[in-house]
Visitor: 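I am attaching a structure below and will ask some questions about it afterwards.
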Amino acid sequence: MAIDDRSEAIGDRRSHLATYNDTEVSVPILAAVMPAPHQPIEIREFARPVLPSGGALLRTARSEVCGTDVHLWHGRLSGVPYPIIPGHVSAGTLESVHGQLNALDGSTLREGDRVVFFDVHRTCGQCRACTVHRTPTRCPSRRVYGITDPAGEGLLGGWAQYIYLEPGVGVARLPDSVGFDDYIGGGCGLLTAVHIIERASMREGESVVVQGTGAVGLSAIALARLAGASVIIAIGDPSPRLDLALQMGADVALSIGSTTAEERLQTVRERTYDEGADVVIEAAGSARAVEEGVTLVRDGGRYVIAGHYTDVGPSAINAHRHINRKHLEIRGCWGSEARHFVRAVELLEQHASAIPWRSIGARTYSLGQLDAALADAEAMTITKALVDPWA
Ligand SMILES: [Zn+2]
Ligand SMILES: [Zn+2]
């Protein structure tokens with residue numbers, strides 16, 4: 001890549017960034033770059049960064065291809081600084097550390113430690129979103145590895161043999177009992193699900209409907225079960241994902257393709273004293289799902305919308321029948337915070353041996369196979385593609 005172009009792009013962010021050791025004759029680092037929407041993925045060579053104090057280089061063991069990457073590929077997210085190195089949730093081993101690097105629990109991290117990091121960085125802590133409203137996922141300074149970090153600034157995405165962890169990135173030690181494939185099987189969907197359950201104000205004994213059986217919906221099912229749900233009804237497709245939904249803790253898994261909306265409503269009513277569910281979680285990303293979701297939730301219940309990460313157009317809702325008279329709470333859920341990341345790691349440590357997060361990661365792809373991985377993810381032939389940049 002062109003070093004000169006990069007130094008211009010760095011601008012006033014220079015203090016955050018690693019400089020690049022142009023003189024060191026070393027093996028270049030390979031990364032898969034998404035040059036622009038609809039373009040084939042390119043493998044490019046990157047120089048090994050010279051780390052600033054508090055910075056680290058992570059040798060990537062696993063990254064992932066998630067639904068967001070498919071959206072990035074189709075240009076459906078605004079404000080993405082292409083070209084980018086995708087892969088926002090990743091795991092690996094610390095290759096080198098410059099100076100002191102502490103995990104989020106305060107412990108000192110050293111080279112050779114297995115770690116994971118929170119993909120959201122540069123949340124400012126000073127703007128109105130951060131301080132007044134306490135909604136840091138809406139901070140305008142916030143950046144996300146693999147999504148809003150340009151490839152021109154270096155190894156800031158997981159589809160790469162190494163990832164640069166800039167000073168201030170939240171890092172956690174991966175517990176010995178949690179494999180890289182467990183962590184990435186949960187991945188971003190698990191972090192999102194931790195936030196969803198928090199937004200849903202889940203209480204023991206409540207009934208839950210989860211719309212969508214992708215990575216977010218599957219983790220939401222598992223966490224609703226851990227939170228003490230009485231009954232969990234999953235709605236999704238295709239059938240391997242419905243089987244996985246049952247393994248993750250759903251009591252019932254309904255195929256969206258082979259049941260009618262009336263049949264789904266009837267099933268939910270039969271399991272909820274003819275009331276509808278206490279909590280409905282939207283993790284489908286479909287405008288029609290929202291129209292159905294407001295009918296599946298009980299009067300006075302909570303509806304958490306987390307699947308509309310991109311704009312899929314309007315949903316038709318009758319404000320009188322579906323919100324006002326129903327006394328319904330509709331809550332959005334955007335992104336995740338460091339506490340959701342830390343809790344996700346802790347949940348995996350406690351439960352990865354019993355809950356099959358690992359099974360969400362269906363197949364592992366090399367850097368040269370990522371066009372195929374994106375196509376497979378889009379076609380839903382797999383739930384989630386894992387990336388092994390050393391394969
Ligand atoms: Zn802020
Ligand atoms: Zn993701």
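Atoms within each ligand, like the ligands themselves, are counted from 1 in listed order. Only this structure's heavy atoms are used, side chains among them; waters, hydrogens and symmetry mates stay out. All values derive from a computational prediction rather than experimental measurement.
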Visitor: Taking 2.8 Å as the distance threshold, tell me the number of protein N/O/S atoms next to the Zn ion (ligand 2).
Guide: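 There are 3 of them.
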Visitor: Scan residues 232-246 for pairs that pass side-chain hydrogen bond (donor to acceptor under 3.5 Å, both in side chains), counting only residues two or more places apart or in two chains.
Guide: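 The answer is Asp237-Ser255.
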Visitor: Decide whether a cation-pi geometry holds between Arg331 and Tyr303; the criteria are a distance under 6.0 Å from NZ or CZ to the six-membered ring centre and an angle within 45° of the ring axis.
Guide: no
Visitor: About how large, to 10 degrees, is the angle SG of Cys130, then the Zn ion (ligand 1), then SG of Cys139?
Guide: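 The angle at the Zn ion (ligand 1) comes to 100°, rounded to the nearest 10°.
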Visitor: So, are Glu329 and Arg302 salt-bridged, with charged N and O less than 4.0 Å apart?
Guide: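 No, no charged N to carboxylate O under 4.0 Å.
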Visitor: With a distance cut-off below 6.0 Å to the six-membered ring centre and an angular limit of 45° from the axis, does Arg114 pair with Phe180 as a cation-pi contact?
Guide: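 Checked: cation-pi criterion met.
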Visitor: So, are Glu262 and Arg264 salt-bridged, with charged N and O less than 4.0 Å apart?
Guide: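 Answer for the salt bridge query: no.
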Visitor: Does Trp390 have Arg59 sitting over its ring (NZ/CZ under 6.0 Å from centre, angle to axis within 45°)?
Guide: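 Arg59 over Trp390 ring: yes.
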